[in-house]
Amino acid sequence: MSTYWYLPAILLPAAGGTFAGLFFKNEKAVRVFCGTVTCLTSALAFLLILSGTEGLLEVARFSDRLVFCLDLTGPGRVFASVSASLWPLTALYAFEYMDGDPRFRSFYSFFTLSFGVTLGIALAGNLFTLYCFYEMLTLSTVPLVVHTHTKEASRAGRVYLAMSIGGAAFAFISLVYTVVSGPALPPSAVSRVFWLFGFFGFGVKAAVFPLHFWLPKAAAAPTPVTALLHAAAVVNAGVFAILRLTYEVYGADLLAGTPAQAAALSFVLFTVVYGSFMAVREQHLKRRLAYSTVSNLAYMLFGVLLLTPAGLTAGLMHMVFHSVMKITAFFAIGAVNRHAGIEYLQDAEGLGRRMPVTMACFTVSALALIGIPPFAGFVSKWYLLAAAADAGTPLAFLGMGAVLLSALFTAFYTLVIVRKAFFPAPGAVPARREAGVRMLVPLVLLAFASLACGLAGRYFYNVLAETVSGIPSGQWGGL
Amino acid sequence: MKILLLLILLLPIAAAAVVFLVRFPSRKGLLLFTGGALLAETALVTLLACLGNVSMTLFSMTDTLVVALETDAVARVFMLTAVWVFLPAGVFAFRYLEHSAGEGAFPEHRFYGFFLLSLAALMGMDLASNLVTLYFFFEMLTLLSMPLVLHDRTETAVAAALKYLFYSIAGALAGLFAILVLTHAAGTASFAPGGHADAFAASGNRGLLLAAVFVGIVGFGAKAGLYPLHGWLPTAHPAAPAPASAILSGVIAKAGVLAILRMIYFYAGPAFLSGTWVQTVLLILALLTVFMGSMTAWREKILKKRLAYSSVSQISYALFGLFLMNAQGLTGGLLQVVFHAAAKSCLFLAAGSFIFHTGKISVTDVKGLGRKLPVTFGAFTMAALSLIGIPPFAGFVSKWYLALGAMDTGLPVFGWLGPVVLLVSALLTAGYLLPVAVDAFFPGNTDRAADAPGGEGGALMALPLILLAAAVLVFGLFSGLLTPYFLDLASNVLAAG
C-alpha cells in the first residue's frame with residue numbers, strides 16, 4: 001500500500017468525529033456514524049500493518065530541520081494494533097454505558113477524534129510529529145475527562161490539562177535539543193540531562209511518580225473514557241513516547257549504565273510499589289484500578305529502561321497484555337457502576353450473584369493482572385523479570401523484588417473484590433441484574449483474550465522480539 | 001498411557017464442573033456422584049502409579065514456559081498419598097457437612113466442587129516435571145483450596161482464608177523469584193535427579209544463586225508451615241470444616257514439601273547445596289519450627305488448633321529430613337510425609353467427629369467420651385501413638401530414619417542437635433496428644449459422658465477413621481516392605497547428583 005494511506009487513517013476519525021460533533025442531533029445516528037467510522041479506521045489501520053506498509057511520508061516541512069512526517073515502524077505497529085483492536089470494542093461498550101446521556105454528541109465526537117490523534121502518535125515519523133500529536137491528544141481527551149461536568153470531573157480535567165501541558169513543555173525542551181544537536185547526539189552529560197527532561201515530560205502521561213496523580217483523579221470520567229484512554233491509549237502513548245525517545249532518538253548506548261538511567265529507574269521502581277500500595281488502600285473501585293494502572297505502566301517503563309532488547313521486548317509485551325487485562329477490569333467495574341450503582345468496595349458484597357458474567361470476567365482479569373499462569377500477565381511478567389535477571393545489575397534485581405512485591409499487592413487489591421463478590425458475608429442475596437449484551441460481548445471477548453494471549457505467548461514474543469531487533473538506535477531525530 | 005495423565009487432571013475438573021452447574025435432584029445424588037468421582041480418581045491414580053514412567057506436555061505458553069507432566073518415583077509417592085487421603089476425607093464430609101456447618105455456611109455442593117478442584121491442582125503439582133508447571137499448579141492449588149477454608153462463612157473463617165491466600169501467594173512469588181534467577185543460570189526449568197548442580201557451579205554468581213534457592217525454599221515452605229511463613233497455618237486449618245482441615249494438613253501442606261524436595265533434589269541439586277549456609281540455615285529453621293510447633297500445641301486448648309500447631313511441627317520433621325541431604329534423611333522425610341498424612345488426617349477427622357457429636361471444640365470437653373465414641377477415640381489414639389513415634393506404629397519408622405539421617409550428617413552440630421530436638425518434640429507430642437486419649441477413655445471422677453448423644457455418626461464417618469487408623473498400624477507393621485522402596489528412591493536421587 002502507498003504511504004499516502006497513512007493520512008486517511010488519521011483524518012477519517014478526526015474528520016468523522018468533528019463532523020459528528022457539529023451536525024448530528026440524534027443519539028442513535030451519532031452512535032451508528034461514530035461506530036462505523038471507528039470500525040473503518042481500525043480496518044484501515046490493520047490493513048496498513050498487515051500489508052507491511054512502511055516508508056516516510058513527508059506531510060509538511062516547516063524549516064530545514066522541522067518536518068511533520070508520518071511513518072509506520074515496529075513500535076508504531078504495536079501501538080497502532082493495540083489501539084485499533086480496542087477502540088471498536090470500547091465503542092460498543094460505550095453504546096450501552098452512555099445510553100441516555102444528554103451530552104452524547106460531545107462524547108462520541110471527541111472519542112472518535114481521539115482515535116485519530118492516537119493513530120497519529122503511532123504513525124509519527126519523527127519526534128517533532130510525535131510531540132505535535134501528543135499535545136493534540138491532551139486537548140482532545142480533556143473534554144472526555146470533564147464529560148459529566150461534576151465538580152470532581154472538572155477538577156480532574158484541570159489537573160490533567162495542567163500536568164499534561166506542563167509535561168509536554170519539558171518534552172518540548174528535549175525535542176528542541178535533539179533538533180538543534182542533529183541526529184547523532186553527543187554522548188555527554190548534557191544530552192543525558194535533556195533526555196531526563198524528555199523522560200519526565202512524557203512521563204506525565206506515563207504516570208511516573210510524582211507526576212502520576214492526575215490518573216486516579218481521572219477515574220471521575222465515564223468508564224469508557226477511563227478504560228480506553230486512561231488504561232490503554234493515553235497512558236500507553238506516554239510509554240510509547242518514552243520508548244521512542246530513549247531508543248531511537250537518544251539511543252541505548254548513550255544512556256546505558258549512566259546516572260541518568262539509574263535516576264529514571266529509581267523513580268520507576270518506586271512507582272511500581274507505590275501504585276500498587278495505594279491501590280490496596282483505595283476503597284473507590286475505579287480509583288483502585290487507576291492506581292493499578294500507575295503501577296503497571298511502571299512495569300513497562302522498567303522493561304524499557306533496562307536498555308536491553310530483552311527488556312524492551314518485555315516492556316512492549318506488557319504494554320499489549322496490560323491494555324487487554326486492564327480494560328477488562330475497567331469494563332467490569334464500569335458495568336457494576338452503571339447497572340448496580342456501586343462505586344465503593346464496601347458495597348460489593350454478593351456482586352457475583354447479581355452480575356455473575358461481569359464478575360467472572362473481572363476475576364479473569366484479576367488473575368491475569370496478578371500474574372497467575374497461564375494468563376497473559378504471567379507471561380509478560382515472566383519475560384520482564386527474566387530480562388531483569390539477564391541485566392544483572394543491582395537496580396535490576398531491586399526491580400525484580402519491586403515487581404514481585406507489587407504482584408502480591410495486586411493479589412490483595414483484586415482478590416478482596418473477588419472474595420466479596422463470590423463469597424459474600426451472610427445477608428440478603430441480591431437479585432440477578434446482569435449488564436446488557438453490548439457490554440457483555442466486549443467483556444467476555446477481552447477476558448478470553450487475557451487468557452488466550454497467555455496461551456499464545458510464543459506468537460507475541462516472536463513478533464515483538466523481531467520488532468525490537470528492527471529498531472534503529474539513536475538516529476531518529478528531526479530531519 | 002499418556003491419556004491417563006490427562007484423565008487424572010480432567011476427571012476431577014469435569015466432576016467439579018458438574019457439581020457446580022448441575023442441580024442434583026437429591027442430596028443423595030450429589031453425594032453418590034462426588035463419591036464416585038473420588039473413587040474413580042483414586043483408581044486411576046493407583047493404576048498410573050503401577051505403570052512405568054509416563055510423561056506428556058500439556059501445553060506451552062512460549063518456548064521457555066512449558067507445562068508438562070511426568071510420573072517418577074517421587075510423583076508416585078505424593079500422588080498416592082494425596083488420593084488415599086482425599087477419598088476418606090471426602091466420604092467423611094458426606095456425613096459431617098450434613099449438620100455441623102452453621103446456618104450461614106455456603107451450600108454444600110460448593111465444598112465438594114472446590115474439594116475436587118483442589119485434588120486436580122494437587123495432582124498437577126505432584127506430576128509436574130519442571131519448575132514452571134510446579135509454580136502453575138502451586139498457585140492454582142492456593143486459589144482453589146481457599147474456598148474450603150472459607151466454607152463456614154464466619155468472620156474467623158473469612159479472615160483465615162484471606163490470611164492463607166496472601167501468605168501462600170507471597171510464598172509463591174518468592175518462589176517465582178527463585179525460579180527466574182535459577183532458570184536463567186541453568187538454561188532449563190526441567191527437573192532431573194540430582195539437579196543441575198554443574199550448571200550452577202559453572203555460572204559465576206554462586207552467592208546470588210544460593211540466595212535465590214534459599215528465598216525460593218522459604219517461599220514454598222509457607223505452604224508447609226516452615227518458619228517464618230507459618231503464621232497462617234494455625235489460623236486456617238482449624239477454621240476450615242474438619243474434612244478440609246484433614247486434607248489441608250494431610251496433603252495440601254505436603255505440596256509445599258514436594259516443591260522444596262524438587263527444588264533441592266531435582267533442580268538445584270544436593271551437590272550444589274550441601275555444606276553451604278543455605279543448608280545450615282534451613283536446618284535451623286526446620287528444627288526451630290519442630291520445637292516451636294510442639295511447644296505451642298502443648299499450650300493450646302482448642303483441639304483443632306492444637307492439631308494445627310502439631311502439623312506445623314510434624315511437617316518440619318519431614319523438611320528436616322530433606323535438608324539433611326543424605327539418603328537416610330531423605331528416606332525419613334518421605335516416610336514422614338506419608339505417615340503424617342495418614343495420622344494427621346485421621347486426627348482431624350476424629351476431631352471432626354468429636355465436634356459433630358458434641359458441638360464442643362476444647363480438649364477439656366473430651367472427658368469420658370471414649371465410651372460413647374469408641375471408634376473416634378480409638379482411631380485418635382492410634383494416630384496419636386504413630387505421631388509420637390511409638391512402635392509398632394508407622395511414625396516410629398519415619399522418625400527412626402530421621403534420627404539416623406541426622407547422626408549420619410557431616411555437619412557439626414546437627415548430628416546431636418537433630419535427635420535431641422526430635423526427642424524433645426516427641427515428648428511434647430505425647431504431652432499434647434496422650435492426655436486427650438487418656439481423658440476420653442479414663443475420665444476419672446468428672447464423668448461428662450452424659451452430654452454426648454449415643455452412637456457414632458454412622459459408617460460414613462467411622463469407615464474413613466478406621467481406614468486411616470489401620471493405615472498407621474499396617475504401615476508400621478509392614479514397614480520392612482515399604483522402606484526399601486524409599487531407601488532405593490533416596491539413594492538413586494542422591495547418586496545422580
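These values consider heavy atoms only, across backbone and side chains, with no hydrogens, waters or symmetry-generated copies. First the proteins, then the strands, lettered A, B, ... as listed; each starts at 1. All values derive from a computational prediction rather than experimental measurement.
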**Request:** Go through the steps for A/Ser380 and A/Tyr299 under the test side chain to side chain donor-acceptor pair (under 3.5 Å), then give the verdict.
**Result:** CA-CA 10 Å; A/Ser380 59; A/Tyr299 289 17; over 6 Å; no
**Message:** Which one wins on heavy-atom pair count under 4.5 Å against chain B: A/Leu385, A/Val379, A/Asp390?
**Reply:**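 Option with the greatest count: A/Asp390.
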**Prompt:** So which part of A/Ala425 gets closer than 4.5 Å to some heavy atom of chain B, the side chain, the backbone, both or neither?
**Reply:** backbone
**Request:** Identify which of A/Tyr459, A/Trp382, A/Phe397 forms the greatest number of heavy-atom pairs closer than 4.5 Å to chain B.
**Result:**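 Of the candidates given, the most pairs with chain B belong to A/Trp382.
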**Asked** Cut-off 3.5 Å, side chains only: do A/Tyr383 and B/Thr62 have a donor facing an acceptor?
**Response** yes
**Prompt:** Between A/Phe423 and B/Phe114, how do the two ring planes meet: parallel, tilted or perpendicular, split at 30° and 60°?
**Reply:** tilted
**Request:** Select one option (side chain, backbone, both, neither) describing which atoms of B/Leu162 are under 4.5 Å from chain A's heavy atoms.
**Result:**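 When you check distances to chain A, only side chain atoms of B/Leu162 fall under 4.5 Å.
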**Prompt:** Heavy-atom distance under 4.5 Å to chain B: side chain of A/Leu367, backbone, both or neither?
**Reply:**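 Looking at A/Leu367, just its side chain touches chain B.
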**Request:** Could you tell me which portion of B/Phe177 (side chain, backbone, both or neither) has an atom closer than 4.5 angstrom to a non-hydrogen atom of chain A?
**Result:** both
**Request:** Answer with side chain, backbone, both or neither: which region of B/Val67 has an atom nearer than 4.5 Å to a non-hydrogen atom of chain A?
**Result:**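 For B/Val67, there is no contact with chain A at all, as no heavy atom is under 4.5 Å.
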**Prompt:** Between A/Cys453, A/Ala388, A/Ala407, A/Gly401, which has the largest tally of heavy atom pairs under 4.5 Å with chain B?
**Reply:** A/Ala407
**Request:** Flag the pair B/His109 / B/Tyr112 as yes when their ring centroid distance falls below 6.0 Å, and as no otherwise.
**Result:**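 Ring centres of B/Tyr112 and B/His109 not closer than 6.0 Å.
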**Message:** Less than 3.5 Å apart, any donor N or O on the side chain of B/Ser145 or B/Ser118 sitting next to an acceptor on the other?
**Reply:**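 Judged by distance alone, the side chains do not pair up.
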**Item:** Segment of A/Ala411 engaging chain B (4.5 angstrom heavy-atom cut-off)
**Value:** both
**Asked** Contact part of B/Ser60 toward chain A, heavy-atom cut-off under 4.5 Å: side chain, backbone, both or neither?
**Response**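 Both parts, heavy atoms under 4.5 Å.
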**Message:** Less than 4.5 Å to any heavy atom of chain B: does that hold for the side chain of A/Phe460, its backbone, both, or neither?
**Reply:** neither
**Request:** Classify the angle between the aromatic ring planes of B/Phe272 and B/Phe200 as parallel (below 30°), tilted (30 to 60°) or perpendicular (above 60°).
**Result:**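 Correct class here is tilted.
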**Prompt:** For the ring pair B/Phe166 and B/Trp232, is the centre-to-centre distance below 6.0 Å?
**Reply:**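 No, they do not, as the ring centres are separated by 6.0 Å or more.
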**Asked** Looking at B/Leu117 and B/Ala16, what are the two nearest heavy atoms and their distance?
**Response** CG-CB, 3.6 Å
**Proximal component of B/Ile169, with respect to chain A [non-hydrogen, under 4.5 Å]** = both
